[in-house]
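Just so it is clear, the structure is predicted and the values come from calculations on it, not from any experiment. Counting starts at 1 for both ligands and their atoms, following the listed order.
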Amino acid sequence: MRITILSVGKLKEKYLKQGIAEYQKRMQRYGKLEVIEVKDEPTPDNASDLENQQIIEKEGQRLLAKISPQAYVIVLAIKGQALSSEELAQQIDHCLTYGKSEIVFVIGGSLGTSPAVNQRADLLLSFGRMTLPHQLMRLVLSEQIYRAFRIIHHEPYHK
Ligand SMILES: C[S@@+](CC[C@H](N)C(=O)[O-])C[C@H]1O[C@@H](n2cnc3c(N)ncnc32)[C@H](O)[C@@H]1O
């Protein structure tokens, strides 16, 4: 199975890059964990609501252009559905059972994701009501994807 983390903006912090690379390495035995970045738009502090809307729409179009029609899409959204790690593993396992060969996890930019991106989602997934920086979110998500595969394969993993 191919798993993609699709996100807005370039990852800059070295420690985050190293952490994600480690989970990509660990994931190799289950499939490919790919990270795709789309360009972010500059977000001026004094932007109007309309300008902010235009920014998330532009970023949204770039995200949607990278998603294939057959992909199962999980968009990370603060107001989405909160799942346990076991429930996320079940969702992924369900995709495996029903022949989905690709899951795309989408992480928005600093203003979030556009309505069009949210509409493409098969699942809106929340990691709780707190806002996490989108770059850190990638690392947290990578770990949870790896954890999900350990659970699916009934393999031990520290609690
Ligand atoms: C800095 S946040 C965007 C905050 C924006 N104000 C919003 O309400 O969506 C950037 C991205 O990180 C992800 N994110 C951050 N915190 C999250 C959480 N608690 N649960 C799920 N996704 C989260 C989402 O994909 C979000 O679009």
How far is [atom] from its nearest protein heavy atom, and which residue and atom name does that atom have?
{"atom": "atom 15 (C) of ligand 1", "answer": "L132 O, 3.1 Å"}
{"atom": "atom 11 (C) of ligand 1", "answer": "G108 O, 3.4 Å"}
{"atom": "atom 20 (N) of ligand 1", "answer": "F127 N, 2.8 Å"}
{"atom": "atom 23 (C) of ligand 1", "answer": "M137 SD, 3.6 Å"}
{"atom": "atom 6 (N) of ligand 1", "answer": "S110 O, 4.0 Å"}

Before accepting this row, confirm whether a basic side-chain N of the pair [X]/[Y] lies closer than 4.0 Å to the acidic partner's carboxylate O.
{"X": "R62", "Y": "E57", "value": "no"}
{"X": "E155", "Y": "R29", "value": "yes"}
{"X": "E13", "Y": "K17", "value": "no"}

Should S85 and Q144 be marked as a side-chain hydrogen bond (donor to acceptor under 3.5 Å, both in side chains) after you check the CA-CA gap, both sets of side-chain angles, and the distance that decides it? CA-CA 7 Å; S85 299; Q144 284 298 308; 2.7 Å; yes
Taking both backbone and side-chain atoms of [X], is any N or O found less than 3.5 Å from an N or O belonging to ligand 1?
{"X": "I107", "answer": "no"}
{"X": "L111", "answer": "no"}
{"X": "L125", "answer": "no"}
{"X": "M130", "answer": "yes"}

Determine, considering heavy atoms only, which of I78, I56, T113, L76 sits nearest to atom 17 (C) of ligand 1. I78
Best match, G112, G109, G128: closest heavy atom to atom 10 (C) of ligand 1: G109
Does a sphere of radius 6.0 Å around NZ in K58 hold more than 12 heavy atoms from other residues, nucleotides or ligands, not counting ones at 6.0 Å or beyond? no
Inspect the surroundings of NZ in K66 and state if more than 12 heavy atoms from other residues, nucleotides or ligands are less than 6.0 Å away. no
Exactly one of L76, V8, V38, V75 should register a side chain to side chain contact (heavy atoms under 4.5 Å, CB included) with V106. Which one does? V75
Mind checking whether Q24 and V35 have side chains closer than 4.5 Å, heavy atoms only? yes
Report yes or no: does S7 have a heavy atom closer than 4.0 Å to ligand 1? no
Would a hydrophobic clustering, with Ile, Leu, Val, Met, Phe, Trp and Tyr connected at side-chain separations under 4.5 Å, put I92 with Y23? yes
Just jot down the ligand 1 atoms closer than 4.0 angstrom to any heavy atom of S126, in number order. 20 (N), 21 (C)
